[in-house]
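Beneath this line is the structure, given in structure tokens, with notes to follow.
Proteins get letters first, then strands, A, B, ... in listed order; numbering begins at 1 in each.
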2 protein chains.
Amino acid sequence: MSPAAVSLNGFARHAVAVDVVLFTIQDDVLKVLLVRRQRAPFRGAWALPGGFVGPEESVDAAALRELQEETSIGNVYLEQLYTFGDTERDPRGRVLSVAYYALVNWQRMQLRARREVVSDAEWFPVRRLPGLAFDHRKIVDYALERLRNKLNYTTIAFQLLQEEFTLTELQGAYEVILGQRLDKRNFRRKMLQLGILRAMNRFKASGRQRPARLYTFTETKVVKLQEKGIIVPF
Amino acid sequence: MSPAAVSLNGFARHAVAVDVVLFTIQDDVLKVLLVRRQRAPFRGAWALPGGFVGPEESVDAAALRELQEETSIGNVYLEQLYTFGDTERDPRGRVLSVAYYALVNWQRMQLRARREVVSDAEWFPVRRLPGLAFDHRKIVDYALERLRNKLNYTTIAFQLLQEEFTLTELQGAYEVILGQRLDKRNFRRKMLQLGILRAMNRFKASGRQRPARLYTFTETKVVKLQEKGIIVPF
DNA sequence: TGACTAAAGTGTCCCGCATACACTATCTTG
DNA sequence: CAAGATAGTGTATGCGGGACACTTTAGTCA
């Protein structure tokens with residue numbers, strides 16, 4: 001295929017899969033998307049959405065493709081997690097898996113029927129996962145650990161919210177991911193002094209309480225943030 | 001080969017390489033091991049030590065194997081860095097690279113002649129690298145960034161020192177990696193109050209100055225450390 | 001229309017950690 | 001024993017994080 005003077009003949013070739021841990025927050029619960037396997041191995045078991053990397057496809061592109069087969073929206077935050085390369089992780093033989101994780105806002109999200117191998121997709125609370133195929137449980141655990149760590153020094157949490165959000169919603173996202181309650185005053189003080197939120201003049205009247213002010217995320221102070229050691233994933 | 005009921009036939013196969021960014025400190029300079037390529041592509045250029053993953057070899061094992069072809073010592077700190085999966089990164093065609101980085105103590109290290117493809121290996125200061133083959137420059141930059149970040153919340157720096165070391169040597173390792181001077185008193189206070197150093201009753205008489213006390217790294221307080229959010233890589 | 005409900009929104013104190021900063025101690029060598 | 005060179009030590013200050021409780025505001029309903 002490639003007319004290069006040298007070739008890759010003689011080197012071992014490997015099946016390479018991508019698996020995506022797709023997080024969202026729904027009803028104040030952190031959830032992960034799982035699909036039911038239609039084929040062996042692990043037929044009928046729940047697994048992470050994923051598939052094989054095509055012959056001329058970059059690994060990132062494969063992850064993006066798998067992600068978009070599950071979601072109808074674009075512009076999703078997607079980050080490579082780790083490559084799982086044990087020889088025993090797939091009973092069919094040696095399959096490398098490059099794992100990714102992604103964050104989507106639930107409201108922006110619409111599930112689409114999945115083609116091919118997998119028939120059925122469903123969101124599961126991270127804390128109540130069913131048994132998973134392959135080593136996918138390990139991948140989810142690792143993704144959650146990474147996500148929790150990144151909360152502390154990046155702004156990825158915004159990926160889980162709508163464009164306009166209240167501070168209570170933002171705090172809720174942090175609490176749900178970290179699995180613990182946070183102090184309201186400290187949280188608000190910290191977020192506001194980061195200088196990355198723009199207060200809107202709109203309010204969210206969500207029932208019969210005092211309406212909450214809406215905010216948007218702003219990139220204008222990205223430089224300032226980076227000086228503080230906070231990484232802005234854009 | 002595998003007698004499984006299902007097979008991997010029909011899926012694309014990919015050549016998978018591992019590349020290792022091997023760091024050491026020599027003469028107060030952070031250095032990286034590079035090898036000269038004996039074959040095309042990039043024949044004659046400097047590149048990271050690495051090679052292809054064998055058919056029944058785990059990716060970690062391949063990285064370890066490559067590492068040990070370069071060093072004569074075992075028990076080296078080795079960590080997966082990132083997987084580079086662009087289609088264009090190798091002119092021969094699509095080659096995935098799973099990159100690792102490793103830290104070795106210079107004194108414990110003895111270079112061995114490299115077999116196969118590569119003839120020649122040499123240490124280069126990270127700040128004065130020659131032009132590198134493939135996307136290896138990007139890999140080195142990424143490894144250095146990871147290393148610098150990990151300094152702040154792990155104890156990997158000890159991997160670069162001998163078993164017994166002085167606080168000045170430890171500080172020197174931090175300074176060389178971070179590329180900036182640190183305050184002696186603040187550094188010593190911080191390290192000592194972590195509770196991970198054991199003061200020996202031996203001293204290093206390194207010339208015609210006051211001898212410096214030797215310390216060893218101790219794992220006894222690992223739990224305490226983890227409570228502080230510091231990760232101990234053992 | 002006023003009382004109740006429910007969430008929004010706000011300020012202070014304290015502690016630990018990071019930083020800035022300079023002199024004394026100890027050994028070797030000539 | 002003087003000079004040279006590195007080891008080793010303490011204090012003051014500022015900032016950020018964590019603990020902690022009450023007031024404000026809109027909606028609802030009697």
State, without any angle test, whether [X] and [Y] hold a side-chain donor-acceptor pair at a distance under 3.5 Å.
{"X": "B/Asp19", "Y": "B/Ser97", "result": "yes"}
{"X": "A/Glu79", "Y": "A/Tyr101", "result": "yes"}
{"X": "A/Arg189", "Y": "A/Asn186", "result": "yes"}

For [X], which contact category applies under a 4.0 Å heavy-atom criterion: base, sugar-phosphate, or nothing?
{"X": "A/Arg213", "result": "sugar-phosphate"}
{"X": "A/Arg189", "result": "base"}
{"X": "B/Thr168", "result": "sugar-phosphate"}

Write down the distance between [atom1] ([X]) and [atom2] ([N]), rounded to a whole number of angstrom.
{"X": "B/Phe203", "N": "D/dA7", "atom1": "CZ", "atom2": "P", "result": "13 Å"}
{"X": "A/Leu192", "N": "C/dT10", "atom1": "CG", "atom2": "P", "result": "8 Å"}
{"X": "A/Arg210", "N": "C/dA7", "atom1": "CZ", "atom2": "P", "result": "14 Å"}
{"X": "B/Met191", "N": "C/dA18", "atom1": "CE", "atom2": "P", "result": "10 Å"}
{"X": "B/Phe187", "N": "C/dC21", "atom1": "CZ", "atom2": "C1'", "result": "18 Å"}
{"X": "B/Asp183", "N": "D/dA7", "atom1": "CG", "atom2": "P", "result": "14 Å"}
{"X": "B/Gln180", "N": "C/dA18", "atom1": "CD", "atom2": "C1'", "result": "13 Å"}
{"X": "A/Lys184", "N": "D/dA19", "atom1": "NZ", "atom2": "P", "result": "17 Å"}

Q: Would you please confirm or rule out a distance under 4.0 Å between OP1 or OP2 of D/dG8 and any side-chain N or O of B/Arg188?
A: yes
(Q) Can you say whether a donor on the side chain of A/Asn186 sits under 3.5 Å from an acceptor on the base of D/dA19, or the other way round? (A) yes
Q. When the nearest nucleotide of DNA chain D is assigned to A/Lys190 and to A/Arg208 on a heavy-atom basis, which residue is associated with the more 5' position?
A.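 Of the two residues, A/Lys190 wins.
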Q: Look at atom CD of B/Gln26 and say whether more than 12 heavy atoms of other residues, nucleotides or ligands are closer to it than 6.0 Å.
A: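 Correct, the count exceeds 12.
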Q. Mapping B/Pro211 and A/Ala212 to their closest nucleotides on DNA chain C, which lands nearer the 5' end?
A. A/Ala212
Q | Smallest separation among heavy atoms of A/Gly195 and A/Thr218, with atom names | A |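 Taking every non-hydrogen atom into account, O-CG2, 4.4 Å.
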Q: Choose from D/dT6, C/dA8, C/dG11 the nucleotide whose nearest atom is closest to any side-chain atom of A/Arg185.
A: C/dG11
